[in-house]
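Basis for what follows: all heavy atoms, side chains included, without hydrogens, waters or symmetry-related copies. Heads up: numbering here begins at 1 and tracks the sequence.
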Amino acid sequence: MRKMGCLLLIIALLALAGCGQKPAAMPADTGNASNAAEGGANNGQGPAADSSQGAGGEGAGQTDASGPQQTSEQVKLTVKVYFTDNDLIELKPAEREIEVPKGQEDLKYEEAFKALQSADPGLISLWEKVKLNSAAFSEANGELALDIELPDEARLGAGGEALAIDALKKTMFQFDEVKQIEVTVGGEKVESLMGHADLEHPITRSGS
């Protein structure tokens with residue numbers, strides 16, 4: 001009996017010990033949990049956008065307002081140029097609008113000369129076939145220096161030569177700052193522009 005009782009007690013203790021141990025819980029998949037957390041933070045819209053890249057993306061293609069900007073501002077001037085009729089008897093004035101870049105107003109003399117070379121219908125330009133090499137103005141003495149090339153087809157008779165010089169003087173002396181005009185041919189001072197009349201060096205406003 002005593003042995004039987006001891007055996008039953010041992011069995012009971014073993015049973016209690018077996019019931020007290022619970023199977024270990026399976027560890028959670030930390031990778032899946034992390035991914036799920038990230039997915040929840042994005043509300044199912046995919047990986048979160050890099051805010052720094054987003055800012056850069058918005059800036060791409062935009063002009064930096066603080067950087068240098070080029071402008072093409074033009075200054076418009078209305079000038080008078082002078083042509084002649086088919087009989088080369090007298091000068092006829094015509095208005096032209098010329099444009100020069102702001103800050104480069106000295107280019108107006110070159111533009112006025114170009115306007116002098118393009119006559120209205122029914123009129124003749126006395127300078128159409130003359131090539132202007134350069135136009136330079138000196139504020140020191142108010143002199144406008146014009147260097148030209150004079151091909152044979154640009155040469156006129158005595159009457160045409162006189163009108164051509166008058167047309168040039170009237171066109172350039174309309175600029176108040178121009179006090180005298182120095183005309184050279186190929187860089188050289190010549191006695192006569194076209195061989196018929198003396199050419200002054202320089203042509204002065206008082207003599208116009």
Side-chain angles (χ1 to χ4, degrees), residues 68 70-208:
Q70 295 182 350
T71 61
S72 57
E73 188 174 357
Q74 298 287 105
V75 176
K76 294 183 179 181
L77 299 171
T78 300
V79 298
K80 278 187 177 181
V81 290
Y82 295 82
F83 308 112
T84 189
D85 53 23
N86 291 328
D87 297 323
L88 277 71
I89 295 176
E90 60 181 347
L91 294 178
K92 304 285 187 179
E95 286 193 349
R96 291 284 192 275
E97 187 177 82
I98 61 175
E99 293 185 4
V100 295
K102 188 173 182 179
Q104 301 181 52
E105 281 77 5
D106 281 359
L107 291 177
K108 65 186 177 183
Y109 310 115
E110 182 178 340
E111 292 302 317
F113 189 92
K114 290 179 181 178
L116 190 61
Q117 294 180 299
S118 178
D120 292 335
L123 297 177
I124 295 174
S125 167
L126 297 158
W127 292 86
E128 179 181 3
K129 298 177 181 179
V130 177
K131 178 185 176 182
L132 178 65
N133 292 329
S134 63
F137 177 71
S138 171
E139 293 183 358
N141 57 2
E143 181 176 281
L144 176 62
L146 301 174
D147 186 58
I148 63 172
E149 293 293 339
L150 198 66
D152 290 340
E153 59 268 25
R155 298 181 180 275
L156 305 169
E161 180 180 4
L163 286 174
I165 294 174
D166 283 345
L168 181 67
K169 292 193 294 185
K170 287 179 178 293
T171 297
M172 297 306 173
F173 281 140
Q174 72 184 295
F175 302 113
D176 293 338
E177 70 276 12
V178 178
K179 307 302 180 185
Q180 57 191 31
I181 306 169
E182 181 62 78
V183 179
T184 55
V185 180
E188 301 291 333
K189 293 181 180 181
V190 294
E191 294 182 0
S192 176
L193 188 63
M194 300 177 185
H196 306 290
D198 291 341
L199 180 64
E200 296 178 65
H201 294 286
I203 301 170
T204 59
R205 182 183 288 271
S206 60
S208 63

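Side chain of E188 to backbone of V185: no donor-acceptor contact under 3.5 angstrom is found. When atom types are taken as modelled, the side chain of H196 and the backbone of L156 share a donor-acceptor pair closer than 3.5 angstrom.
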Given side chain to side chain contact (heavy atoms under 4.5 Å, CB included), test L193 with I148 step by step and report yes or no. CA-CA 10 Å; L193 188 63; I148 63 172; 3.9 Å; yes
Applying side chain to side chain contact (heavy atoms under 4.5 Å, CB included), run through L146 and L168 and close with a yes or a no. CA-CA 11 Å; L146 301 174; L168 181 67; 3.9 Å; yes
Apply the test salt bridge (charged side-chain N to carboxylate O under 4.0 Å, His left out) to residues E111 and K108: give CA-CA distance (whole Å), side-chain angles for both, the deciding distance (0.1 Å), then the verdict. CA-CA 5 Å; E111 292 302 317; K108 65 186 177 183; over 6 Å; no
Using the rule given for side chain to side chain contact (heavy atoms under 4.5 Å, CB included), can you reason through H201 versus L199, listing the C-alpha separation, both sets of side-chain angles and the distance that settles it, and then say yes or no? CA-CA 7 Å; H201 294 286; L199 180 64; 3.8 Å; yes
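Scanning all heavy atoms of the two residues, the minimum distance from L88 to G160 falls at CD2-CA, 3.8 Å. Closest approach of G195 to S192, counting heavy atoms only: N-OG, 2.8 Å. Minimum heavy-atom separation, K179 to D176: NZ-O, 3.0 Å. Smallest separation of non-hydrogen atoms from F83 and S118: CZ-O, 3.1 Å. Closest non-hydrogen pair, V81 versus A115, comes out as CG1-CB, 3.8 Å. L107 approaches P101 most closely through the heavy-atom pair CD1-CD, 3.9 Å.
K92 is linked by a side chain to side chain donor-acceptor pair (under 3.5 Å) to E90, counting only residues two or more places apart in sequence or in another chain. Contacts of D120 classified as side chain to side chain donor-acceptor pair (under 3.5 Å), with partners at least two apart in sequence or in another chain: R96. Contacts of Y82 classified as ring-ring contact (aromatic ring centres under 6.0 Å, His included), with partners at least two apart in sequence or in another chain: none.
How far CG of D106 is from CZ of F175: 10.5 Å, rounded to the nearest 0.5 Å. Taken to the nearest 0.5 Å, the NZ atom of K114 stands 10.5 Å off from the CD1 atom of I98.
Using the six-membered ring where Trp is involved, Y109 and F137 have ring planes that are tilted, between 30° and 60° apart.
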Anything under 3.5 Å between a donor and an acceptor, one on a side chain of residues 122-131, the other on a protein residue two or more places apart or in another chain? List them.
residue	atom	partner	partner atom	Å
S125	OG	L116	O	2.8
S125	OG	W127	N	3.2
S125	OG	E128	N	3.1
W127	NE1	A164	O	2.8

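Within the structure, salt bridge (charged side-chain N to carboxylate O under 4.0 Å, His left out) pairs that include any residue of residues 157-166 comprise D166-K169 (at least two apart or interchain). Listed by first and then second residue, the side-chain hydrogen bond (donor to acceptor under 3.5 Å, both in side chains) pairs involving residues 142-160 are N133-D147, N133-E149, E143-Q180, D147-T184 (not counting sequence neighbours).
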